Student: 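After the structure tokens below, expect a handful of questions from me.
Small disclaimer: the values here were computed from a predicted structure and weren't measured. Along the sequence shown, residues carry numbers from 1.
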Amino acid sequence: MLLGHEERDREERTFADARAQMVEQQLRARGITDARVLDAMRELPRHEFVPPRVRRFAYEDSPLPIGSGQTISQPLMVATMLEALELKGHERVLDVGTGSAYQAALLSRLARHVVSIEIVPALARTAQSTLTRLGKGNVRVILGDGSLGWPSDAPYQAIVVAAGAPRVPAALVDQLDDDEGRLAIPVGEPSGQRLLRVRKRDQVLTTEELAWCEFVPLRGRAGWPRNGAAVA
Ligand code: SAH
């Protein structure tokens with residue numbers, strides 16, 4: 001019993017060291033500067049969000065499988081998207097593609113309220129239980145098609161999409177706050193996308209290209225069908 005505790009403590013320390021290294025080498029050294037994002041990623045245990053068989057790889061510089069053919073994004077990509085949202089703490093955020101709920105849990109600390117939407121029932125269930133276990137009370141997980149957003153809680157000051165879209169879904173732009181909305185979304189082909197930031201300020205839209213990336217395809221009405229061609 002005592003040994004069990006000691007082993008667990010040792011494992012937690014090893015993971016904490018790995019996390020500190022992840023932040024320095026994978027994030028800060030590659031240009032992530034938002035201190036709130038760096039602190040959140042240094043503290044949140046990423047290993048709690050992945051299946052047991054890949055736990056020991058939780059702090060590596062890569063995406064990892066989370067079941068149902070989906071992945072938890074590479075830490076650098078998560079940090080890039082979170083930084084792009086420029087969160088101060090007062091925002092209501094829509095997180096499309098809950099997956100493991102790692103990003104949702106980071107958002108729960110960076111913003112006031114998070115609505116996270118997932119289209120695969122098994123992932124939504126696991127995500128909800130992970131968030132409950134870790135006490136993330138300001139995140140609501142919804143099972144549904146996030147390519148249409150979630151209008152009943154709109155407007156959102158920030159929206160983030162963790163799956164590659166054929167184009168920017170109109171519903172997401174509509175649900176952005178008119179004065180200070182920002183949307184981070186990968187747009188392009190299933191084989192590779194550009195990470196875009198769309199800002200809505202005084203109802204005017206501007207789009208910037210932030211990085212190249214490779215996300216799993218966005219499904220649903222404004223996403224890709226299973227055979228690969230975009231819905232008109
Ligand atoms: N943010 C996640 C990354 C998950 S990968 C994390 O931190 O682990 C992208 C997720 O988007 C997958 O779980 C996939 O099932 C989901 N997804 C794809 N299309 C979707 C849609 N239209 N609505 C909601 N979720 C979607």
Side-chain angles (χ1 to χ4, degrees), residues 34 36-37 40-41 44 46 48-49 66 68 70-73 77-165 168-187 195-200 205 215-223:
D34 185 325
R36 296 181 74 238
V37 171
M41 291 184 73
L44 187 69
R46 193 170 192 260
E48 299 283 355
F49 295 82
I66 55 171
S68 306
Q70 304 302 322
T71 57
I72 179 172
S73 309
M77 199 41 69
V78 175
T80 303
M81 288 199 293
L82 292 174
E83 185 165 75
L85 299 177
E86 298 175 339
L87 298 169
K88 301 287 180 276
H90 63 275
E91 299 85 355
R92 185 161 56 238
V93 182
L94 178 65
D95 174 49
V96 176
T98 314
S100 68
Y102 177 64
Q103 182 157 283
L106 290 165
L107 287 167
S108 85
R109 172 175 166 148
L110 297 170
R112 176 160 304 154
H113 187 71
V114 184
V115 176
S116 186
I117 182 161
E118 171 57 53
I119 204 166
V120 177
L123 292 175
R125 266 196 308 275
T126 309
Q128 182 61 74
S129 66
T130 306
L131 291 167
T132 305
R133 176 163 50 87
L134 297 177
K136 307 294 176 194
N138 60 342
V139 187
R140 189 147 57 101
V141 177
I142 288 160
L143 176 63
D145 177 6
S147 77
L148 304 176
W150 187 253
S152 60
D153 285 306
Y156 302 98
Q157 286 74 51
I159 301 180
V160 60
V161 181
V168 178
L172 298 185
V173 174
D174 287 347
Q175 290 169 36
L176 275 181
D177 188 289
D178 283 339
D179 299 318
E180 55 153 327
R182 50 266 182 210
L183 161 66
I185 180 169
V187 173
L195 179 64
L196 303 182
R197 173 167 54 198
V198 180
R199 278 181 201 280
K200 204 195 256 183
L205 295 179
F215 280 84
V216 297
L218 182 72
R219 303 294 178 193
R221 284 278 294 284

Student: What is the distance from atom CD of Q103 to atom CE of M41, rounded to the nearest 0.5 Å?
Tutor: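 If I round to the nearest 0.5 Å, the distance is 9.0 Å.
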
Student: Rounded to the nearest 0.5 Å, how far does CG of D153 lie from CZ of R140?
Tutor: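 Atom-to-atom, R140:CZ and D153:CG are 4.5 Å apart.
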
Student: Of all heavy-atom pairs between L143 and A124, which one has the smallest distance, and what is that distance?
Tutor: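 Shortest heavy-atom separation between L143 and A124 comes out as CD1-CB, 4.1 Å.
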
Student: Give me the atom names and distance for the closest heavy-atom approach of R109 to R36.
Tutor: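 Scanning both residues completely, I find the closest heavy atoms to be O-NH2, 3.7 Å.
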
Student: I'd like to know whether V96 forms a side-chain contact (heavy atoms from CB on, under 4.5 Å) with I185, so could you lay out the CA-CA distance, the side-chain angles of the two residues, the decisive distance to 0.1 Å, and finally the verdict.
Tutor: CA-CA 9 Å; V96 176; I185 180 169; over 6 Å; no

Student: Looking at R182 and L85, would you say the former's side chain and the latter's main chain have a donor-acceptor pair under 3.5 Å?
Tutor: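 Side chain of R182 to backbone of L85, a donor-acceptor pair under 3.5 Å: yes, one is there.
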
Student: Which value, rounded to the nearest 0.5 Å, describes the distance between L195 atom CG and M77 atom CE?
Tutor: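 Nearest 0.5 Å value for the CG-CE distance: 6.5 Å.
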
Student: For the pair E83 and R197, evaluate salt bridge (Lys or Arg N to Asp or Glu O under 4.0 Å) and give the outcome as yes or no after the intermediate values.
Tutor: CA-CA 11 Å; E83 185 165 75; R197 173 167 54 198; over 6 Å; no

Student: Shortest non-hydrogen contact from G146 to I117?
Tutor: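 Looks like CA-CG2, 3.6 Å.
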
Student: Roughly how far, to the nearest 0.5 Å, is the CG atom of L106 from the CG atom of L44?
Tutor: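 L44 atom CG to L106 atom CG measures 5.0 Å (nearest 0.5 Å).
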
Student: How long is the span from the NE2 atom in H113 to the CD atom in E91, to the nearest 0.5 Å?
Tutor: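 Between atom NE2 of H113 and atom CD of E91 there are 13.0 Å.
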
Student: Can you find a heavy atom in the side chain of L172 that is under 4.5 Å from one in the side chain of L94?
Tutor: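 Result yes, sub-4.5 Å side-chain heavy-atom pair found.
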
Student: Just jot down the side chain to side chain donor-acceptor pair (under 3.5 Å) partners of R92, sequence neighbours excluded, or say none.
Tutor: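 Applying side chain to side chain donor-acceptor pair (under 3.5 Å) to R92 gives none.
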
Student: For S108, does its backbone N or O pair with a side-chain atom of N138 as donor and acceptor, under 3.5 Å?
Tutor: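 Yes; judged by distance alone, with no hydrogens or angles, the pair exists.
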
Student: Under the 3.5 angstrom rule, does the side chain of D95 hit a backbone N or O of T98 as a donor-acceptor pair?
Tutor: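 No, because the side chain of D95 does not come within donor-acceptor range (under 3.5 Å) of the backbone of T98.
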
Student: Do any N or O atoms from the side chain of Q175 and from the backbone of Y156 form a donor-acceptor pair under 3.5 angstrom?
Tutor: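 Checking the backbone N and O of Y156 against the side chain of Q175, no donor-acceptor pair under 3.5 Å is found.
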
Student: If a pair satisfies side-chain hydrogen bond (donor to acceptor under 3.5 Å, both in side chains) and one of its residues is in residues 118-131, list it, with sequence neighbours excluded.
Tutor: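 Every side-chain hydrogen bond (donor to acceptor under 3.5 Å, both in side chains) pair that includes a residue of residues 118-131, provided the two are not neighbours, is Q128-T132.
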
Student: Can you tell me how far apart NZ (K200) and CG (D179) are? Round to the nearest 0.5 Å.
Tutor: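 Atom-to-atom, K200:NZ and D179:CG are 9.5 Å apart.
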
Student: Can you name the side chain to side chain donor-acceptor pair (under 3.5 Å) partners of S147, sequence neighbours left out?
Tutor: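 Scan of S147 (side chain to side chain donor-acceptor pair (under 3.5 Å), adjacent residues dropped) gives D145.
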
Student: Taking C-beta and beyond as the side chain, do L176 and I159 meet within less than 4.5 Å on heavy atoms?
Tutor: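 Yes, side chains in contact.
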
Student: Which pair of heavy atoms, one from F215 and one from P186, lies closest together, and at what distance?
Tutor: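 Heavy atoms only, the tightest pair is CD1-CG, 3.4 Å.
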
Student: Suppose we screen for side chain to side chain donor-acceptor pair (under 3.5 Å). Which residues come up paired with D34, at least two apart in sequence or across chains?
Tutor: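 D34 satisfies side chain to side chain donor-acceptor pair (under 3.5 Å) with no residue once adjacent residues are dropped.
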
Student: Does R219 use its side chain to pair, donor to acceptor, with the backbone of I119 at less than 3.5 Å?
Tutor: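 Flag not set: sc R219 to bb I119 has no pair under 3.5 Å.
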
Student: Might you point out which heavy atoms bring A165 and L218 nearest each other, and give the distance in Å?
Tutor: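 Answer, listing the atom of A165 first, then L218: CB-CD2, 3.8 Å.
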
Student: Measure the shortest side-chain to side-chain distance between H90 and E180 over non-hydrogen atoms and say whether it is less than 4.5 angstrom.
Tutor: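 Yes, side chains in contact.
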
Student: I'd like to check the ring-ring contact (aromatic ring centres under 6.0 Å, His included) partners of Y102; sequence neighbours left out, ordered by chain and number.
Tutor: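 If we apply the ring-ring contact (aromatic ring centres under 6.0 Å, His included) test to Y102, skipping adjacent residues, the hits are F49.
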
Student: Sequence neighbours left out, what passes side chain to side chain donor-acceptor pair (under 3.5 Å) with R112? Give chain and number order.
Tutor: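 Testing R112 for side chain to side chain donor-acceptor pair (under 3.5 Å), a comparison that skips the adjacent residues, returns none.
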
Student: Closest heavy-atom contact between L196 and V168?
Tutor: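 Shortest heavy-atom separation between L196 and V168 comes out as CD1-CG2, 4.2 Å.
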
